[in-house]
Each structure stands twice: as structure tokens, then as C-alpha cells.
Amino acid sequence: MREFKVVLFGSGGVGKSAVTVQFVAGRFVQNYNPTVEDVYRKDIEVNKEPCVIEVLDTAGTEQFASMRDLYIRNGEGFIIVYGINNYQSFKDVMLMQSAIRRIKRKKEVPIILVGNKCDLQFEREVTAAEGQQLADIWDVPFIETSAKKRHNINELFMEIVQQINKKNKKGSGCCCTIL
Ligand code: GDP
Ligand code: MG
């Protein structure tokens, strides 16, 4: 069965685990262990074919860059997350994107830039325009999510699957359904 291997990167506390668990299990975790790093699987349908999406929720505590590089080598699509309420986390995404580009060495790597915690409007430190601007420079899609409110969570994973599919089969679209 076709597997779509997706990796989440982003600094600690931006909500990588909350986004993953909300997608896979449909619930919001208030206090997830920040050191937990795990692989989750969920059934999906792509163009009516049963497939599996495999999500690697990294902990960002990779002591060795070689660990991170291994994740990049094995991954097909990358979700790079910052918190809209944390400007530093937005700055941190630069390094992650450049590591992916360096290791994949392909121009077209499926990447999505994500501003999570968009429910925290009053604590916002990064505007949607700033997120969009960076995504335009990278030439990747941009999306704001809320793991808490389950806003744009399925949409995010559907989009990354479509990106992976498109980049594998040069230009052909696909229809992805989350089961
Ligand atoms: P990680 O280190 O990137 O995996 O971050 P976590 O998923 O552990 O989340 C860190 C904290 O932010 C936890 O207390 C979560 O409950 C909270 N959190 C995650 N996503 C959201 C969100 O969309 N909105 C709000 N308000 N809090 C969130
Ligand atoms: Mg986590």
C-alpha cells in the first residue's frame, strides 16, 4: 500500500504534537510530553486508492544534526511549524527549511509552512502576512492552523499529500480523503 511519509519540524512548544494528535486521534492534548517523539499512522484515500499517511512528530531535541538529517532523508513531505504567538519560533523555521533544501538537493521538495495557535489572536506576534510572505519566498503553501479548535488540520494533511503526489507524478492532481 502506498505510504506518504510526512515529518513535522518546528521549535519546542509550537504545537507539533497537538497538531499530530488532533489529526490522528481527533482530540486536543493540553499537556503533551515535550520529549516524546513518535510515528503515527492514519488511513486515507487518494484518488479512491486506500493509502496510509505516516506522520513523524519530532521532538526537536535531536542532539545530533545527523538525526535530523536522517529524518529529512527518509521523509517525503515536510510540515514546518511555528507559533503565531511566538516570534522566535518564526525565526527558527529558517534553519529547518535550509536543512531540508540542502539535504534533498531537489528544487521541488514538498514543504508547507504552518502558523499554529491561530486561536490565540490576542497574543499574536507574527501576522498572517508575514507568514505568507516567507512562504512566497520559499515558494511553498502557507496555512494557519489551530490544533485546539481543530481549524485547518485535515486541510493541512490533505495539502501535503497532494504536494507529494504532484511532485512524484509531475503535475497530475489528486483527490485525497481523510478516513
Ligand atoms: P510541540 O513541542 O511542538 O510538540 O508542542 P505541543 O504540541 O506539546 O504543544 C505545546 C503547548 O501548546 C501545549 O500546552 C498545547 O496544549 C499548546 N497548544 C498546541 N497547539 C495549540 C493551539 O492550536 N492553540 C492553543 N491555544 N494552544 C496550543
Ligand atoms: Mg511534541
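As the structure lists them, so they are numbered: ligands from 1, and atoms in each ligand from 1.
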Practice problem: Pull out every atom of ligand 1 sitting under 4.0 Å from any heavy atom of Y32, numbered as shown with elements. | Solution: 8 (O)

Quiz item: By number and element, which atoms of ligand 1 are closer than 4.0 Å to a non-hydrogen atom of K16?
Solution: 1 (P), 2 (O), 3 (O), 4 (O), 5 (O), 7 (O)

Quiz item: Looking at F9, does the NZ or CZ of K16 lie under 6.0 angstrom from its six-membered ring centre and within 45 degrees of the ring axis?
Solution: no

Exercise. Please answer whether the main-chain N or O of R73 pairs with a side-chain N or O of K104 as donor and acceptor at a distance below 3.5 Å.
Key: yes

Exercise. Give a yes or no on whether E3 atom CD has more than 12 heavy-atom contacts from other residues, nucleotides or ligands under 6.0 Å away.
Key: yes

Please work out, at 4.0 Å between heavy atoms, whether the side chain, the backbone, both, or neither of [X] comes within that distance of ligand 1.
X	answer
D119	side chain
S17	both
N116	side chain
L120	side chain

Quiz prompt | Any G12 heavy atom less than 4.0 Å to ligand 1 | solution = yes

Quiz prompt | Salt-bridge criterion met for E144 and R124 (N-O under 4.0 Å) | solution = yes

Practice problem: Check each of Q30, E144, R150, K117 against atom 18 (N) of ligand 1 and report the one with the nearest heavy atom. | Solution: K117

Quiz item: Without hydrogens or angle criteria, can the side chains of Y71 and E37 be said to hold a donor-acceptor pair below 3.5 Å?
Solution: yes

Quiz item: Would D119 and S146 count as having a side-chain donor-acceptor pair, cut-off 3.5 Å?
Solution: yes

Quiz item: Within the stated cut-off of 2.8 Å, is an N/O/S atom of T35 closer than that to the Mg ion (ligand 2)?
Solution: no

Quiz prompt | Under 3.5 Å: N/O of F28 near N/O of ligand 1 | solution = no

